[in-house]
Every structure is written in C-alpha cells, then in structure tokens.
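Below is one structure; the comments refer to it alone.
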Amino acid sequence: QVQLVESGGGLVQPGGSLRLSCAASGFYFSGYWMYWVRQAPGKEREFVARISWNGNSTDYVDSVKGRFTLSRDNAKNTVYLQMDSLKPEDTAVYYCAASKLARRSTRPQSYNYWGQGTQVTVSS
C-alpha cells in the first residue's frame, strides 16, 4: 500500500520555523522526484518546492526562496521541508507528492502519489 504521510505542521509565530516531514512507503522512493504543494484558505493550490530523486537538484517558488530548504534521506524514505522566517502568507495546508517526472503542476492528478496534507498556521 502506497503512503505519503506528512507531519510537522502546527501553529508558529511570524519569523519562526517549522520542519515538515513526508514519510513514504509502498513504492521505490529513490526513483521519484518529491514535491511540496500548498493550498491557502480560499486560494488555489501553489507549487512550493521539488527535489530530484538523488537530491542534487532543487527548485522553489520565488516566494519561499532563501527561506525554505528541501532535502531528502533516501535511506529513510523521507523528504524534509525546513521552513524558516515564516510569514502569515505561508499559512496553508502543505501536501507532499511524488512523481517520476520533473514537474511544477498543482493538480494531484499530475502526480503518481499525493499525501493527505499537514496544516501550517503562521500567526501571532
């Protein structure tokens, strides 16, 4: 059974940090690009970041560049999103996704696997 299980979300003050984790199981994790996509209340989904199968290539939406860092541990089948200097506009449900192809789609159907999401709220 394929699973992507996100964790690490929560409530944090502006300027604070959170680290999201996405634990994968049921498929060959090392062969997939991994992604984070977010959806804020009342807004469309937004591509956040992606990392290549070997971790050598990362890509971020402009609004998080310099604040978010995506990494992966293929031995643990886990991808991490370190989020620093958080802003209220980062508030959203963050979804983990996997694809054999490099893409920037916001549609779940574009990915091989899609997680259930974790809530991140940035508020004072």
* Could you give me the CA-CA distance, side-chain angles and deciding distance for E44 and T106, then say whether side chain to side chain contact (heavy atoms under 4.5 Å, CB included) is met? => CA-CA 9 Å; E44 295 185 349; T106 60; over 6 Å; no
* Show your reasoning for whether side chain to side chain contact (heavy atoms under 4.5 Å, CB included) applies to Y111 and L4. => CA-CA 12 Å; Y111 296 90; L4 291 175; over 6 Å; no
* Residue pair R67, D90: steps toward the side chain to side chain contact (heavy atoms under 4.5 Å, CB included) verdict -> CA-CA 11 Å; R67 301 189 298 120; D90 295 317; 2.7 Å; yes
* Asked: So S17 and V12, side chain to side chain contact (heavy atoms under 4.5 Å, CB included) or not? Walk me through it.
  -> CA-CA 7 Å; S17 298; V12 64; over 6 Å; no
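Here CD of Q13 is found 13.0 Å from OG1 of T121. Values are rounded to the nearest 0.5 Å. Separating the CG atom in L81 from the CE atom in M34 is a distance of 11.5 Å, to the nearest 0.5 Å. The OG atom of S57 lies 4.0 Å from the CH2 atom of W33; values are rounded to the nearest 0.5 Å. Rounding to the nearest 0.5 Å gives a distance of 5.0 Å between OH of Y80 and CG of D73. Here the CD atom belonging to E6 is positioned 8.5 Å from the CG atom belonging to L20, to the nearest 0.5 angstrom. With rounding to the nearest 0.5 Å, the separation of CZ in R38 from CZ in R45 is 14.0 Å.
Only one option out of C22, S110, S99 pairs with Y35 in a side chain to side chain contact (heavy atoms under 4.5 Å, CB included); it is S99.
Taking all atoms of both residues into account, the shortest heavy-atom contact from T91 to P41 is O-CD, 4.1 Å. Contact between L86 and L18 at its shortest, heavy atoms only, is CD1-N, 3.8 Å.
Between W36 and Y95, the distance separating the two ring centers is not shorter than 6.0 angstrom.
Remark: side-chain polar atoms of S105 are not paired, donor with acceptor, to backbone N or O of R103 under 3.5 angstrom. Judged by distance alone, with hydrogens and angles left aside, the side-chain atoms of N74 form no donor-acceptor pair with the main-chain N or O of N54 at under 3.5 Å.
Under a cut-off of 6.0 angstrom, the local environment of CD in Q116 is sparse, with at most 12 non-hydrogen atoms contributed by other residues, nucleotides or ligands.
V5 meets the side chain to side chain contact (heavy atoms under 4.5 Å, CB included) test with Q3; sequence neighbours excluded.
One finds a salt bridge joining K65 and D62 here, because a Lys/Arg side-chain nitrogen approaches an Asp/Glu carboxylate oxygen to under 4.0 Å. Comment: D59 engages R50 in a salt bridge, judged by a side-chain N to carboxylate O separation of less than 4.0 angstrom.
A heavy-atom distance below 4.5 Å is found between the side chains of P88 and P14. Within the 4.5 Å cutoff, no side-chain heavy atoms of V93 are placed close to those of T118. In this structure, V48 and Y60 have side chains that are not in contact, with every pair of non-hydrogen atoms separated by 4.5 Å or more. Looking at E46 and S63, their side chains come closer than 4.5 Å, going by heavy atoms from C-beta outward.
Taking the centre and axis of the six-membered ring of Y32, the NZ or CZ atom of R72 falls outside the cone set by 45° and 6.0 Å.
No chain of hydrophobic side-chain contacts below 4.5 Å, direct or via other Ile, Leu, Val, Met, Phe, Trp or Tyr residues, connects W53 to Y113.
Between F68 and Y94, the ring planes are tilted. Angles from 30° to 60° get that label.
Pairs passing the side chain to side chain donor-acceptor pair (under 3.5 Å) check and including a residue from residues 19-29, sequence neighbours excluded, do not occur.
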